[in-house]
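Written below as structure tokens is the structure these notes are about.
Counting convention: from 1, in listed order, for ligands and their atoms alike.
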Amino acid sequence: MSNFSPQSLHDLDLSTLRGVLAADGVNPHHAAALWRALHREGLPGREALLASSFLPPLHRWIETSVGEGKRWFLDAPEPVEEIPSTDGLTRKFLLRLADGQTVETVLMGYEGRHTVCLSTQAGCAMGCVFCATGQMGFVRHLRPGEIVAQVHHARRVLRSLEPGKRVRNLVLMGMGEPLHNYEAVMQALGIISDTRGIAIGPARIAISTVGVVPGIRRLAEEGCPYRLAVSLHGSSEEERGALVPVSKRWPLAELMAACRDYGRDTGKRIFFEWTLIEGKNDSPETAARLAALLQGMDAHVNLIPLNPTQGYGGAESHPESARRFQKVLREAGFPCTFRQRRGIDVEAGCGMLRRVAGRS
Ligand code: SAH
Ligand code: SF4
């Protein structure tokens with residue numbers, strides 16, 4: 001056979017992998033062993049696969065089909081940089097993908113549990129004014145294997161630092177808009193949550209969206225098992241539009257209708273994220289309007305103090321305004337908490353993930 005473009009084994013779920021082996025005349029029973037090596041053990045490359053004790057037919061298949069110039073390759077992003085925060089609780093990785101693009105992944109340690117923050121795109125097309133990724137623009141979507149490989153990288157680092165500790169939670173809050181790359185994200189999450197592999201349960205995975213309405217509706221239709229977080233940042237069309245340009249495409253009224261339907265159809269709580277910016281979206285009136293928008297919904301509001309980025313001059317809210325904002329929501333009956341601040345000193349806080357020119 002001539003022209004083929006190599007594909008990543010990390011893009012495949014287990015049943016597809018079975019089909020691939022079967023098509024090459026290898027008994028599909030071998031797929032489970034390969035899958036375990038790739039995803040449960042997280043073996044880092046071809047050499048490691050060839051060194052493991054697979055039965056001869058699988059070993060031969062790997063030798064002839066996986067590797068440079070062959071039909072299949074493995075996603076093994078190269079760590080270009082690893083920066084621990086000064087408190088030692090957060091580590092940011094700059095990972096180089098096969099085509100040279102770089103993305104950032106963050107490992108965060110909280111009391112007794114570790115969370116990984118994943119990127120779903122290189123750059124982002126949504127252009128939120130206060131977000132470093134938005135400021136760099138869209139580069140490309142990530143494939144499922146490129147998303148999964150970020151988890152493998154973080155797991156390997158955690159294992160070497162604190163043997164026995166596991167990555168318990170995932171948030172899709174790194175670079176990119178997950179629902180703008182819907183298929184690849186869902187494929188990746190299917191692989192990541194599979195109990196035969198990485199096995200992070202769907203209830204421990206949060207998808208954060210800027211409010212891509214068709215994506216939210218599709219999640220509801222498909223019975224999304226993951227947690228959903230919606231980045232709101234404004235409680236009137238005008239207020240939101242000034243911060244989140246895509247709200248012109250999917251206006252607040254449409255977004256809230258989609259969220260309401262999602263809540264009704266799935267019976268699940270929605271987390272609303274709100275980056276607090278002084279004088280822009282932190283007044284008690286704004287908070288009261290937000291409470292009115294959420295009326296009757298099972299909603300939790302997550303307040304995020306603005307982290308500084310080069311391309312935006314706004315300032316974080318005064319603690320006093322932030323507390324007042326929280327009080328209004330609580331008095332209206334909504335749980336409302338502040339996001340723990342992490343990794344600010346290494347630019348790994350929310351919205352600070354940005355490929356730095358000249359490094360890649
Ligand atoms: N694209 C998705 C997920 C990635 S952004 C989304 O927008 O939801 C993850 C969260 O970080 C979002 O809630 C986003 O609004 C927030 N964020 C972006 N830039 C920020 C900044 N400079 N300070 C604080 N939060 C920020
Ligand atoms: Fe994209 Fe989210 Fe940043 Fe907005 S906040 S630009 S949607 S990554």
Checklist entry - Would you call the rings of Trp61 and Trp72 parallel, tilted or perpendicular, where under 30° means parallel and over 60° means perpendicular? => result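 Tilted, since the angle between the ring planes falls between 30° and 60°.
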Next on the checklist: Over 60° means perpendicular and under 30° means parallel, so tell me whether His300 and Phe271 are parallel, tilted or perpendicular.
Outcome noted: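 His300 and Phe271: tilted rings.
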Pick, from [options], the option with the minimum heavy-atom distance to [atom].
atom                    : options                : value
atom 3 (Fe) of ligand 2 : Ala132, Cys131, Gly137 : Cys131
atom 17 (N) of ligand 1 : Tyr312, Phe130, Phe271 : Phe130
atom 14 (C) of ligand 1 : His233, Met173, Glu273 : His233
atom 1 (N) of ligand 1  : Gly134, Gly176, Cys124 : Gly176

Side chain, backbone, both or neither: which part of [X] has a heavy atom under 4.0 Å from ligand 1?
X      : answer
Thr275 : side chain
Thr209 : backbone
Asn307 : both

Among the heavy atoms of [X], does any lie under 4.0 Å from an atom of ligand 1?
X      : value
Pro308 : no
Ala229 : no
Ala132 : no

Go through ligand 1 atom by atom and flag the ones less than 4.0 Å from a non-hydrogen atom of [X].
X      : value
Ser231 : 6 (C), 7 (O), 8 (O), 12 (C), 13 (O), 15 (O)
Leu172 : 3 (C)
Thr309 : 22 (N)
Gly174 : 4 (C)
Pro305 : 24 (C)
Ile304 : 13 (O), 24 (C), 25 (N)

Item to check | Qualifying residue for salt bridge (Lys or Arg N to Asp or Glu O under 4.0 Å) with Arg91, from Glu81, Glu82, Glu104 | outcome: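 In the set Glu81, Glu82, Glu104, the residue that makes a salt bridge (Lys or Arg N to Asp or Glu O under 4.0 Å) with Arg91 is Glu82.
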Pull out every atom of ligand 2 sitting under 4.0 Å from any heavy atom of [X], numbered as shown with elements.
X      : value
Gly176 : 8 (S)
Gly134 : 6 (S)
Cys124 : 1 (Fe), 6 (S), 7 (S), 8 (S)
Val210 : 7 (S)

Hey, does [Y] have a side-chain heavy atom less than 4.5 Å from the side chain of [X]?
X      : Y      : answer
Ser208 : Leu172 : no
Leu252 : Leu232 : yes
Leu290 : Val328 : no

Checklist entry - Just by modelled atom types, is the Glu183 backbone N or O under 3.5 Å from a matching donor or acceptor in the Gln187 side chain? => result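 Looks like no, no N/O pair under 3.5 Å.
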Item to check | ILVMFWY network linking Met136 to Phe138, side-chain heavy atoms under 4.5 angstrom | outcome: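 Not linked; separate clusters.
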Item to check | N/O/S from Cys128 sitting under 2.8 Å away from atom 4 (Fe) of ligand 2 | outcome: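 Yes.
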Next on the checklist: For Val151, give me all partners under side-chain contact (heavy atoms from CB on, under 4.5 Å), at least two apart in sequence or on another chain.
Outcome noted: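 By the side-chain contact (heavy atoms from CB on, under 4.5 Å) rule, Val151 matches Leu118, Arg155, Leu170, Ile192, Ile198, Ile200.
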Item to check | All ring-ring contact (aromatic ring centres under 6.0 Å, His included) counterparts of Phe93, not counting sequence neighbours | outcome: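 Listed in chain order: His153.
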Next on the checklist: For the CH2 atom of Trp250 and the CD atom of Glu254, what is their distance to the nearest 0.5 Å?
Outcome noted: 10.0 Å
Checklist entry - Can you tell me if Thr120 and Glu177 form a side-chain donor-acceptor pair at under 3.5 Å? => result no
Next on the checklist: Between the side chains of Arg46 and Glu68, is the shortest nitrogen-to-carboxylate-oxygen separation below 4.0 Å, so that they form an ion pair?
Outcome noted: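 No salt bridge links Glu68 with Arg46.
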